[in-house]
Amino acid sequence: MSDYDPQAIEKKWQRRWADERAFEVAEEPGRPKYYCLVMFAYPSGHAHVGHVRNYMIGDVIARMKRMRGFNVLHPFGWDAFGLPAENAAIKNRSHPETWTLDNIAHMKGQLQRLGISYAWEREFATCEAAYYRWNQWLFLRMFERGLAYRRRSTVNWCPDCATVLANEQVVDGGCWRCGYAVEPRDLDQWFLRITEYADGLLDGIERLDEWPAKVLTMQRNWIGRSEGARVRFAVEPAGPAGEEEPPGGDAAAEIEVFTTRIDTIFGATFVLLAPEHPLVARFIDEASDPDGLRKRVQAFRALDRTDRLTGAVEKEGFDTGRRCINPFTGRPVPIWVANFVLAEYGTGAVMAVPAHDQRDFEFARKYGLPVEVVIQPEDPDGGAPLDGAAMDAAYAGPGVLAGSGEFTGRSTADAPAEMARAAEDRGFGRAAVQFRLKDWGISRQRYWGTPIPIIHCEGCGLQPVPDADLPVELPKVAEFSGRGDSPLAQIPEFVEVTCPSCGRPARRETDTMDTFVDSSWYFYRYCDPTNTGRAFDPATVSYWGPVDFYIGGVEHAILHLIYSRFFCRVFKDLGMVDHDEPFTRLLTQGMVLRDGAVMSKSKGNVVDPDEMISTFGADALRLYETFVAPPEKEIEWTDSGLEGSFRFLTRVWRLVTRAAPALGTAPAGGAGGPGLDAAHRALRRKAHDTIRRVSADLDPRAHLNTAVSALMELVNELYAFCDAHGVKLGQPAAAGAGADPLPPATGSVLREAVEALVRMLSPFTPHLCEELWERLGHAGGLRAAAWPEFDPAVAKADEIVVPVQVNGKLRARLTVPADIGEEDLRSAALAESAVQAHTAGREIARVVVVRRKLVNIVAR
RNA sequence: GCCGAGGUGGCGAAACUGGCAGACGCACGAGACUUAAAAUCUCGUGACCCUUCGGGUCGUGCGGGUUCGAUUCCCGCCCUCGGCACCA
């Protein structure tokens, strides 16, 4: 057994860091700052090794940056509102706060046992009124600006969670949390106008060059910008000519469509309405509905929402019997209702151009509707032009407009802009941009969230709670009986208030905010966490912000990471932040799997960090999770891998503790020292080469795994060096070094390498390295120690090995002076016997010499 | 269908700007130490072939191309994973 005792070492240093408030920071104008942030935690109960990996990546970067002289902000906190707490309260007949605070206490203990260098002084939980009052404050600012508004709308309702979900929280038609099929419901809801910022959010993506391409793509898809045009088709009066319009009739009705292909509009042979389109009900008179169209509409609307959204339903439609006028051709076209047209996208109505849209084409063929070609591909061979009657598929490619009136002959490249302009000039349309992104519904009919600070007054309407009355605190008691209306609605002393405007009795809003509001700006609050006068001091955020390095799971690519970008822009418009983007660099860490599956309690494959820590120590766990693969990749948990990391740390322990008594003072830099022999110079070279590699791997590359392997190589080399120079590292322990004092040169070279090793390893395994650093005779801890300095003069080799190829195949390796000239290298290569054996009897056509890299001899 | 990321030994991976493929680790094998085992230390470990130290051939998903030289660049495929998707 080794005398490496992680339990004792880790306790000692964790206590010391806590006593010294070692990682708290203050603004220091003029000193470079670095804001390193991991996504804060939902206090679900227990951290597992997947969380640990996330936090380790942040901790390695934060500790390294600190040693490199940066003023590092590395905070942590809790995303503490949310449904699981409320569900647990219902189940346990307790209060959500109890469950939440218990979990936070437990998880905080777990994180502290990992020795993460958080500024715990800045910790907060979003369920504290001191935090969520600023959610309310911000909501009111958005309300004033029309960015927060209330409207009745069809929303995504999760029957299981008994609440509304944002569009982003519906995954494959189910609830993102419980998977239960989402239903449509008509409710009055609060929305945040994120669409106001759609263009800015999309354009900003172009400048996020330190974000993973995957996340940017997902955000682009989610925002879903389409350029096209809106065109209005006038509805023809109903019934035979001369018949009187019914009262409230639709003589002036118009159908507005959105299209990305206005250049095909002369080929629009019918118009399709969503079943929910308001005109549909007007077109179908219930009293005289001989064909039972109303029933068909209802059948369409009743279709499974998921199937309808994913296209799993058979495309069907029917003729309303009404017609509208194509404003470009002046011709009437029939109006149909189709089950695949979505009310919530665009205008809920589309023009159908079967010749140039595959879906329209199939629909037209199914129902015998006309197909008119208005785009002819440019065919250099002069083949037969397309014919609507004979086509077996739509032509959606580029070409030249045909049968399109004054636009005939224009190209599909130019026509759309011209035709949109024409539509605008003639007053029936305009160029338009359509987004897939919708406004963010934040109303939740649940208790455990931020109360929305609004009062409903019958006389005055929606009244904001005055700023002076903030926070609107969650009432402490509430009945957690189960499902139904918001629990807050059942607390009279919360609901019954007086109108701040007229003073008459009024009702308080009982919805709470989506918890994603909480997480959309928490990174600013860390900068100024105890401010009682405002959300944060802009000057403080100006110093720390934006977040330089943000680390978290890719599952937040479109939820949290779009909302935060949105809030950043809102704060900027409020004059509170001075940057456009909140997170300069984003790293999405891979998940930790076990037996090929995500760890979960239900699968019973959770690896508990506490168990690993008690067996191998936090340092071994930290090292394993950073070494096993690049941070972005998912990893498969293996116990043997963790054991391997523990073995390595034992090796480091033995190396440093046994060698320490014999170490001299480190060499004072310079070019290797003329008095040193080859082995000593080689060790110095290796040490400095490792400094170069590890430094670059950590910053900026964040390749934590290769940084560790470089350190392992250095340790291997140090073992070989010690073995060759009489420092006994192997067993038995009693026969350690120190018995024979080392020659001063050997001791000083060893010290230099060992101290570089300890410092560079310390971000990964801080407890072990602090202990070793102390044993090496340094006071003040590693925080005071600078990152080792790379000296190119020392790293420079005096001899190098150059591979020699013949026709691209490796045939020999030459050991030559590092500064060898091209000519000398060339002749040395040609003189090599192995080379001559392969060139014998052949003509040497060419010799490629790449300085310091390789020689390739081309022989024929 | 569209967009993105990938495919390298038994396994996790490395190769940063076109220059020795497989560093480092896991697993496995051999040796040293030991009464023995564990631990530790040292060595070996892509495949195939000739086998004599040693040498040869093949090898980074598949097929082509560019190049003195390709895991890396280009063209065409196949597969895996992720996102979006009746979005007009």
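Chain letters run A, B, ... following the sequence lines, proteins first and then strands; every chain starts at 1.
- Annotation: F646(A) is in aromatic contact with Y4(A) [ring centroid separation under 6.0 Å].
- One P atom belongs to A27(B), the other to C77(B), and the distance between them is 44 Å to the nearest Å.
- Scanning residues 211-219 of chain A for heavy-atom distances under 4.0 Å to RNA chain B yields K214(A), T217(A), M218(A).
- Residue contacts for R811(A): at a heavy-atom cut-off of 4.0 Å it reaches the sugar-phosphate backbone alone, with no base atom in range.
- Under the side chain to side chain donor-acceptor pair (under 3.5 Å) criterion, T195(A) pairs with D439(A), not counting sequence neighbours.
- In this structure, the ring of F764(A) has its center no less than 6.0 angstrom from the ring center of F627(A).
- Between the side chain of N856(A) and the backbone N or O of V848(A) there is no donor-acceptor pair closer than 3.5 Å.
- Contact check of residues 619-626 of chain A against RNA chain B (heavy atom, cut-off under 4.0 Å) returns no residues at all.
- G4(B) has its base anti relative to the sugar, with a glycosidic angle deviating from 0 by more than 90°.
- For the side chain to side chain contact (heavy atoms under 4.5 Å, CB included) test, residues two or more places apart in sequence or in another chain that qualify with A797(A) are R685(A), I800(A).
- A gap of 31 Å separates the C1' atoms of C41(B) and A47(B), to the nearest Å.
- When the side chain to side chain donor-acceptor pair (under 3.5 Å) test is applied to E634(A), no partner is found at least two apart in sequence or on another chain.
- Taking the six-membered ring for Trp and the full ring otherwise, F270(A) and Y367(A) have centroids separated by 6.0 Å or more.
- Every residue two or more places apart in sequence or in another chain that forms a side chain to side chain donor-acceptor pair (under 3.5 Å) with K366(A) is listed here: E314(A).
- Residue pairs meeting the side-chain hydrogen bond (donor to acceptor under 3.5 Å, both in side chains) criterion with at least one partner in residues 836-850 of chain A, sequence neighbours excluded, are R811(A)-H838(A).
- Take D689(A) and apply the side chain to side chain donor-acceptor pair (under 3.5 Å) test, not counting sequence neighbours, and it matches R692(A).
- Position along RNA chain B of the nearest nucleotide to F340(A) versus H838(A) favours H838(A) as the more 5'-ward residue.
- N605(A) and W637(A) share no donor-acceptor pair across their side chains, judged by distance under 3.5 Å alone.
- Taking the ring pair (Phe, Tyr, Trp, His ring centres under 6.0 Å) definition, one finds that Y395(A) meets it with nothing, sequence neighbours left out.
- With sequence neighbours excluded, the residues that form a ring pair (Phe, Tyr, Trp, His ring centres under 6.0 Å) with Y563(A) are W440(A), F516(A).
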**Asked** When you check every protein heavy atom under 4.0 Å of nucleotides 17-29 of chain B, what one-letter string (B, S, -) results, 5' to 3'?
**Response** --BB--BBSSS--
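- Within the structure, every side-chain polar atom (N or O) of R359(A) is placed at least 4.0 Å from both OP1 and OP2 of C86(B).
- Among the heavy atoms of the strands lying under 4.0 Å from K809(A) are primed sugar atoms or P, OP1, OP2 only; no base atom is included.
- Paired regions of RNA chain B, where each region holds three or more successive Watson-Crick or G-U pairs whose two hydrogen-bonding distances fall under 3.5 Å, are B:1-7 with B:78-84, B:10-12 with B:24-26, B:28-32 with B:40-44, B:46-50 with B:54-58, B:61-65 with B:73-77.
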